Each structure stands twice: as structure tokens, then as C-alpha cells.
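Since the structure comes first, as C-alpha cells, the remarks are kept for the end.
Remember, predicted model here, so these are calculated numbers, not experimental data. All values below were derived from every heavy atom in this structure, side-chain atoms included, with hydrogens, water molecules and symmetry-related copies excluded. By convention in this document, chain letters (A, B, ...) are assigned in the order of the sequence lines, proteins followed by strands, and residues within each chain are numbered from 1.
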Protein chains: 2
Amino acid sequence: MISNSTTAYRQHDHHRCLKAALAQARNRCSARKARLTPIRESVLHLLWQSHRPLGAYKIIEQLSASSGKRILPPTVYRALDFLLELGLIHRLATLNAYIGCPFPDSVHSDYFLVCRECGSVAECSADSVNKAIVSTAERAGFRVESQTVEILGLCTPCQSTVEQPALEQPGVKQ
Amino acid sequence: MISNSTTAYRQHDHHRCLKAALAQARNRCSARKARLTPIRESVLHLLWQSHRPLGAYKIIEQLSASSGKRILPPTVYRALDFLLELGLIHRLATLNAYIGCPFPDSVHSDYFLVCRECGSVAECSADSVNKAIVSTAERAGFRVESQTVEILGLCTPCQSTVEQPALEQPGVKQ
DNA sequence: TAATTAATTGTAATAATATAACAATAATTG
DNA sequence: CAATTATTGTTATATTATTACAATTAATTA
Ligand SMILES: [Zn+2]
Ligand SMILES: [Zn+2]
Ligand SMILES: [Zn+2]
Ligand SMILES: [Zn+2]
């Protein structure tokens with residue numbers, strides 16, 4: 001299992017995440033003879049501001065603000081499509097939002113742990129989950145081609161700062 | 001593991017699916033003292049036309065056509081919200097579409113097998129998948145509250161009618 | 001029963017997310 | 001260089017979903 005859950009939800013040297021992501025992006029682009037243009041790099045940079053996903057229109061806003069000129073939707077959506085195709089970012093279907101991929105180089109059918117409190121998202125790849133999905137699908141005669149797995153819940157730090165939903169047994173909190 | 005994959009993708013007496021769904025809906029509504037009004041029932045009925053999910057605006061179209069009067073978005077979205085809250089239907093995040101739940105009465109954290117060819121969707125609930133997700137999330141210190149699992153691929157009948165996609169590396173159009 | 005309240009539906013307007021179509025510009029290739 | 005290809009700019013529009021408030025219908029109470 002690979003995951004960035006230990007850092008994503010906690011204080012950490014995020015500058016390293018950013019630097020690593022940009023370096024990987026440059027590698028990947030040159031390997032594929034694809035161009036990491038200023039717009040594309042800016043979008044990737046914005047997505048790596050934090051571990052919270054960003055909607056396309058938030059990106060448009062921020063890019064417009066930082067560049068001083070009005071950036072329009074197709075510009076950003078094209079950059080997002082480019083980054084998605086290279087596997088440098090992911091789209092979260094349940095949030096209509098985008099997030100940088102922390103390990104674009106390892107092949108992974110990934111899933112996402114979305115903290116409903118702080119909004120941060122960690123990406124994981126666990127063979128056990130993948131195997132369970134593929135094998136139960138196979139039992140149903142279904143051939144898996146791709147999967148979308150998005151888990152909503154509470155990250156470790158947020159478990160202590162947020163009260164439990166009232167449905168649980170009383171007295172077991174923390 | 002419960003699943004409707006054996007029927008969903010094949011010829012079957014779909015009228016039974018519809019009848020069962022409507023009966024379960026009526027039960028559930030009376031149990032909850034909720035009203036299955038004509039609009040709500042119509043929407044549920046439309047979603048049970050087949051095992052293919054329907055977008056909200058398709059429902060609006062069909063409802064407008066069949067009722068002879070113009071049905072507007074809030075009317076349908078309200079019916080959908082009602083049915084979602086009662087667990088009688090599900091929303092598929094990857095498709096922005098809705099589908100009837102074949103077993104609203106059993107508690108299930110479900111996942112969906114979406115056939116990219118025929119468009120039919122089966123719903124499954126497998127403990128193995130659920131356990132794998134919860135246990136790997138726990139290893140990451142994450143407390144799962146809900147999950148969205150949507151699998152894209154080919155159902156059994158479609159596997160024989162459709163050629164395989166050429167296995168290509170994801171990359172960039174040159 | 002009539003009066004009151006609550007739930008549901010109707011309607012207009014708009015928000016949020018995403019794409020199509022085509023023109024202009026920049027980079028790459030021969 | 002010219003020719004070609006890739007990228008970006010721009011306008012318009014598609015698709016999905018929600019807000020706000022009025023009208024109506026059903027349920028409850030006096
Ligand atoms: Zn970081
Ligand atoms: Zn958190
Ligand atoms: Zn059926
Ligand atoms: Zn199929």
C-alpha cells in the first residue's frame with residue numbers, strides 16, 4: 001500500500017511536496033515529449049498549494065488574479081485535461097474537483113480519503129482493495145477497466161477536534 | 001455478497017423488477033410516514049424503466065412528455081432528493097445520473113458495476129470490498145463514514161460483442 | 001366543520017461545472 | 001525561410017443543480 005496520508009493531513013514541509021510534484025511533472029513531460037507550458041505549470045502549481053482539491057472555477061479565479069488577465073474556462077479545462085492525461089492530477093467525481101497526484105510514477109489504481117472536516121485528501125493504493133473489487137466483479141462476470149473509489153470520513157487530526165455523529169454508541173468517543 | 005448483476009445485464013422479466021421496486025417503495029414510505037406522491041412515484045417509475053441510469057434532465061424531459069405539462073428542474077430534483085433520502089435510489093457521481101436501488105431494505109454499502117457498452121448498471125454489496133476499504137483506511141488513521149465506489153468495465157454479454165481496447169499507455173496526443 | 005398549520009408543488013431566476021467551434025498565436029519541422 | 005502542428009484566446013452555449021418565493025394541497029387542530 002502506498003499513501004500520502006501521513007503527511008496530507010498534518011503539518012509538514014509542504015514545499016517539498018510541491019517541488020517533488022513539479023520535478024516529476026517535468027520528467028514525465030520530457031519523457032512523453034509533451035510541453036509543460038506556463039499555463040499548465042501554473043495550474044499544477046495551484047493544485048499543489050495544499051492537499052485540498054480545487055474546483056475548475058476556483059483555478060480560473062486564482063489564475064486570473066495572479067496573472068492579472070482574465071483567464072477563461074477552456075484555457076483551464078485544457079490544462080486540466082492535459083495534466084489528467086499525463087496522470088499528474090486526478091479528478092474527484094464526488095467533489096467535481098481536481099487534485100495533484102503525489103505519485104504519478106507508480107502505476108496505481110488509486111483511491112481517495114476525503115476528510116469532510118479539513119477538506120484534505122490523501123491518495124492511497126492498496127492491493128487489497130483493488131483485488132477485492134476485481135475479484136467480486138469477476139464473480140459477477142464483470143470485467144473491470146477502471147475504478148472510482150472515493151471515501152468520505154475523518155482524518156486522524158480531525159477525529160479529535162470534531163464531535164462524533166450522534167448515531168454511535170455513547171461513551172466511546174476518543 | 002448481494003448483487004443484481006445476473007439480471008441487470010440480460011434479458012429478464014423486468015416487469016418484476018419494476019413491481020418489486022414500487023412495492024418496496026410503498027412499504028418504506030408508509031413505514032416512514034412519508035408520502036409517495038404521484039410525482040415521486042413517476043420519477044421512481046422512470047428510473048425503473050431499465051437498468052440504465054438516467055440524468056435529471058432526461059427525467060424532466062420524459063416526465064414533461066408523459067404528463068403533457070412542462071415539469072421544471074426543482075420538481076424533479078425534489079423528488080430525487082426524497083427518493084435518495086429514503087434509500088430508494090442512488091446517484092452515480094461519475095455519471096451525474098440516478099438509478100433505482102434493487103434492494104433498499106438490506107443495509108448495504110454498495111458499489112456499482114457500470115457497463116461502458118450497454119450502459120446498464122448493477123449494484124453489489126460485498127463485505128470483502130467494504131472490509132478492505134475500511135481496514136486500509138484505518139491503517140491510514142482514517143475513519144470511514146461513507147464510500148463511493150463506481151466500477152467501469154464490461155458486463156458479461158458485452159464482453160463477447162465488443163473488441164478489447166488496445167492496451168496503450170496513457171499519453172498525450174502529439 | 002372551519003381554521004390553522006405543514007408539506008408539497010409551481011415558477012422564475014440563477015449558480016456551478018463543462019464543452020463546442022473557430023480564430024489567433026506560438027512552437028516545431030522540413 | 002515556409003509549412004505544419006500545437007497551444008491559447010474568445011465567444012457562445014451545454015449540462016447539471018440550487019435559491020427564493022408563491023401557490024396549492026394535505027394533514028392537523030380548534
Ligand atoms: Zn504536502
Ligand atoms: Zn481532516
Ligand atoms: Zn430488471
Ligand atoms: Zn453491457
Side-chain angles (χ1 to χ4, degrees), chain A residues 25-26 28-30 32-44 46-47 52-64 66-86 88-99 119 148 150, chain B residues 25 29-30 32-44 46-47 52-64 66-86 88-99 119 148 150 171-174:
Chain A
R26 280 187 276 264
R28 212 169 174 72
C29 284
S30 65
R32 303 281 183 88
K33 300 190 195 323
R35 290 170 49 211
L36 192 63
T37 62
I39 289 177
R40 292 166 176 172
E41 186 165 340
S42 299
V43 169
L44 185 62
L46 284 176
L47 288 177
R52 283 183 295 277
L54 269 186
Y57 278 72
K58 284 266 177 284
I59 296 172
I60 291 169
E61 256 176 47
Q62 296 194 19
L63 213 54
S64 296
S66 68
S67 74
K69 57 180 175 178
R70 200 153 151 259
I71 305 292
L72 292 164
T75 300
V76 164
Y77 278 103
R78 281 188 289 229
L80 291 170
D81 287 344
F82 173 89
L83 296 168
L84 284 167
E85 280 208 63
L86 267 94
L88 295 169
I89 65 171
H90 298 289
R91 180 174 186 275
L92 297 167
T94 54
L95 302 175
N96 295 328
Y98 303 84
I99 191 167
T148 296
E150 298 175 24
Chain B
C29 283
S30 66
R32 302 279 185 90
K33 299 192 196 322
R35 290 170 49 210
L36 192 62
T37 62
I39 289 177
R40 292 166 176 173
E41 185 164 341
S42 298
V43 170
L44 186 61
L46 284 175
L47 288 177
R52 282 184 296 277
L54 269 185
Y57 278 72
K58 284 267 178 282
I59 296 172
I60 291 168
E61 259 177 45
Q62 296 193 19
L63 213 55
S64 295
S66 69
S67 73
K69 57 180 175 175
R70 198 154 152 260
I71 304 293
L72 292 164
T75 301
V76 163
Y77 278 102
R78 282 188 289 230
L80 289 171
D81 288 344
F82 174 89
L83 296 168
L84 284 167
E85 279 209 62
L86 267 94
L88 295 169
I89 65 171
H90 297 290
R91 180 174 186 274
L92 296 167
T94 54
L95 302 174
N96 295 329
Y98 303 84
I99 191 166
T148 297
E150 299 176 22
V172 175
K173 292 160 294 205
Q174 306 269 347

Can you see whether A:Thr148 engages B:Glu150 through a side-chain donor-acceptor pair at a distance of less than 3.5 angstrom?
no
Map B:Leu95 and B:Arg78 onto DNA chain D by nearest heavy atom, then report which one ends up closer to the 5' terminus.
B:Leu95
Quick check on contacts: within residues 67-74 of chain B, what sits under 4.0 Å from DNA chain D by heavy-atom distance?
B:Pro73, B:Pro74
Would you mind reading off the distance between B:Tyr77 atom OH and C:dG10 atom C1', rounded to a whole angstrom?
17 Å
Over all strands shown, is A:Tyr98 touching base, sugar-phosphate only, or nothing at heavy-atom distances under 4.0 angstrom?
sugar-phosphate
To the nearest 0.5 Å, how far apart are CG in A:Leu88 and OH in A:Tyr98?
15.0 Å
d(NZ, B:Lys58; P, D:dT16) in whole Å
8 Å
Nucleotide D:dT25, atom C1' - distance to CD1 of B:Ile39 in whole Å:
12 Å
Spatial distance of atom CD1 (A:Ile99) from atom CG (A:Leu54) [nearest 0.5 Å]:
9.0 Å
Spacing of A:Arg40 atom CZ relative to C:dA27 atom P, expressed in whole Å
12 Å
Is there a donor N/O on one and an acceptor N/O on the other, under 3.5 Å, for the side chain of A:Tyr57 and the base of C:dA18?
yes
What is the separation between atom CG on A:Leu63 and atom P on D:dT8, rounded to the nearest whole Å?
11 Å
Give a yes or no answer on whether the side chain of B:Arg40 reaches the backbone of B:Phe82 with a donor-acceptor pair at less than 3.5 Å.
no
Spacing of A:Phe82 atom CZ relative to D:dT7 atom C1', expressed in whole Å
11 Å
Between the main-chain N or O of A:Gln62 and the side-chain N or O of A:Ser66, is there a donor-acceptor pair closer than 3.5 Å?
yes
Heavy atoms of other groups near B:Arg91 CZ, more than 12 under 6.0 Å
yes
Remember a base hit wins even if backbone is also touched, and classify B:Arg35 as base, sugar-phosphate or nothing at under 4.0 Å, heavy atoms.
sugar-phosphate
Rounded to whole angstroms, how far apart are CD1 on A:Ile60 and C1' on D:dG9?
13 Å
Distance check: side-chain N/O of B:Arg91 vs OP1/OP2 of D:dA17, anything under 4.0 Å?
yes
Would you check if A:Glu61 and A:Ile71 make a side-chain contact, meaning some heavy-atom pair closer than 4.5 Å?
no
Does C:dT8 have OP1 or OP2 sitting under 4.0 Å from an N or O in the side chain of B:Thr37?
no
Separation of D:dT8 atom C1' from A:Leu83 atom CG, nearest Å, is 15 Å
